[in-house]
Amino acid sequence: MQIIIQDQGDRCAILATSVSSNTLFPLTITAAALRDGLRAILASPATKELAVGPAALVRTEDGIDVTTNAGRFAIPYQHALPMVLA
């Protein structure tokens with residue numbers, strides 16, 4: 001599986017691609033804001049939740065959950081680090 005942040009100007013989407021499927025999770029924040037939020041929550045182990053505009057980043061045992069009114073997208077830690085380095 002590959003998970004990337006797809007920049008769409010004033011908004012972005014998280015795109016998860018596997019051999020058999022594609023999942024697109026649209027967000028109303030910029031790609032830069034999402035990357036900055038992911039960096040901030042990953043850099044501070046004591047931070048359990050971080051608001052990024054209308055989205056929230058929530059630290060879980062397995063990774064970071066991106067939550068909005070529309071739903072939740074789980075980003076495993078092994079995929080989160082490459083996302084913030086891109």
Side-chain angles (χ1 to χ4, degrees):
M1 177 181 288
Q2 180 183 21
I3 301 175
I4 62 168
I5 299 171
Q6 189 178 63
D7 191 352
Q8 299 174 344
D10 63 342
R11 55 185 52 224
C12 70
I14 301 172
L15 177 64
T17 306
S18 71
V19 174
S20 61
S21 69
N22 291 326
T23 303
L24 186 71
F25 187 74
L27 297 165
T28 58
I29 59 174
T30 64
L34 178 57
R35 280 191 187 93
D36 289 345
L38 287 169
R39 283 186 194 108
I41 199 165
L42 289 169
S44 176
T47 303
K48 301 299 181 202
E49 188 171 335
L50 179 69
V52 181
L57 304 178
V58 180
R59 180 185 303 277
T60 67
E61 185 176 308
D62 300 320
I64 305 295
D65 287 354
V66 181
T67 60
T68 66
N69 289 339
R72 177 181 69 88
F73 190 95
I75 303 171
Y77 285 119
Q78 66 264 26
H79 295 284
L81 294 177
M83 289 175 72
V84 299
L85 296 175

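When a residue number appears, it is its place in the shown sequence, counting from 1. It should be emphasised that the depicted structure is a prediction, and the values quoted were computed from it without experimental measurement.
Of the inter-residue distances, the one linking Gln78 atom CD with Met1 atom CE reads 10.0 Å to the nearest 0.5 angstrom.
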- request: Give the C-alpha distance, both sets of side-chain angles, the deciding distance and a yes or no for side chain to side chain contact (heavy atoms under 4.5 Å, CB included) between Leu34 and Val52.
  value: CA-CA 7 Å; Leu34 178 57; Val52 181; 5.6 Å; no
- prompt: Going through the distances and angles, do Thr30 and Arg11 end up as a side chain to side chain contact (heavy atoms under 4.5 Å, CB included)?
  reply: CA-CA 4 Å; Thr30 64; Arg11 55 185 52 224; over 6 Å; no
- request: Go through Thr23 and Leu15 one step at a time and tell me if the side chain to side chain contact (heavy atoms under 4.5 Å, CB included) criterion holds.
  value: CA-CA 6 Å; Thr23 303; Leu15 177 64; over 6 Å; no
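Sorted by first then second residue, the ring pair (Phe, Tyr, Trp, His ring centres under 6.0 Å) pairs that include residues 25-51, not counting sequence neighbours, are Phe25-Phe73. Legend: ring pair (Phe, Tyr, Trp, His ring centres under 6.0 Å) pairs involving residues 26-47, not counting sequence neighbours: none detected. Sorted by first and then second residue, the side-chain hydrogen bond (donor to acceptor under 3.5 Å, both in side chains) pairs with a member in residues 50-65 read Asp65-Arg72; sequence neighbours excluded. Applying the ring pair (Phe, Tyr, Trp, His ring centres under 6.0 Å) definition to pairs two or more places apart or across chains, none involves residues 40-65. Screening residues 27-68 for ring pair (Phe, Tyr, Trp, His ring centres under 6.0 Å) gives no qualifying pairs among residues at least two apart or on separate chains.
Of all heavy-atom pairs spanning Ile3 and Pro76, the tightest one is CD1-CD, 3.9 Å.
By the side chain to side chain donor-acceptor pair (under 3.5 Å) test, Gln8 is found to be paired with Gln6, residues two or more places apart in sequence or in another chain being considered. The side chain to side chain donor-acceptor pair (under 3.5 Å) search around Ser20 returns none, not counting sequence neighbours. For Pro54, the side-chain contact (heavy atoms from CB on, under 4.5 Å) criterion is met by Thr28, Ile29, not counting sequence neighbours. For Ala31, the side-chain contact (heavy atoms from CB on, under 4.5 Å) test picks out Ile5, Asp7, Cys12, Arg35, with sequence neighbours left out. Listed by chain and number, the residues in a side-chain contact (heavy atoms from CB on, under 4.5 Å) with Pro82 amount to none (sequence neighbours excluded). For Ala70, the side-chain contact (heavy atoms from CB on, under 4.5 Å) partners are Thr68, not counting sequence neighbours.
Tracing side-chain contacts under 4.5 Å through hydrophobic residues (I, L, V, M, F, W, Y), one never reaches Leu24 starting from Ile14; they form parts of separate clusters.
Other residues, nucleotides and ligands contribute more than 12 heavy atoms inside 6.0 Å of the CG atom of Asn22.
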Distance-only check: which donor-acceptor pairs under 3.5 Å involve side-chain atoms of residues 36-48, not counting sequence neighbours?
from  : atom 1 : to    : atom 2 : distance (Å)
Asp36 : OD1    : Arg39 : NH1    : 3.1
Arg39 : NE     : Val84 : O      : 3.3
Arg39 : NH2    : Val84 : O      : 2.6
Ser44 : OG     : Thr47 : OG1    : 2.8

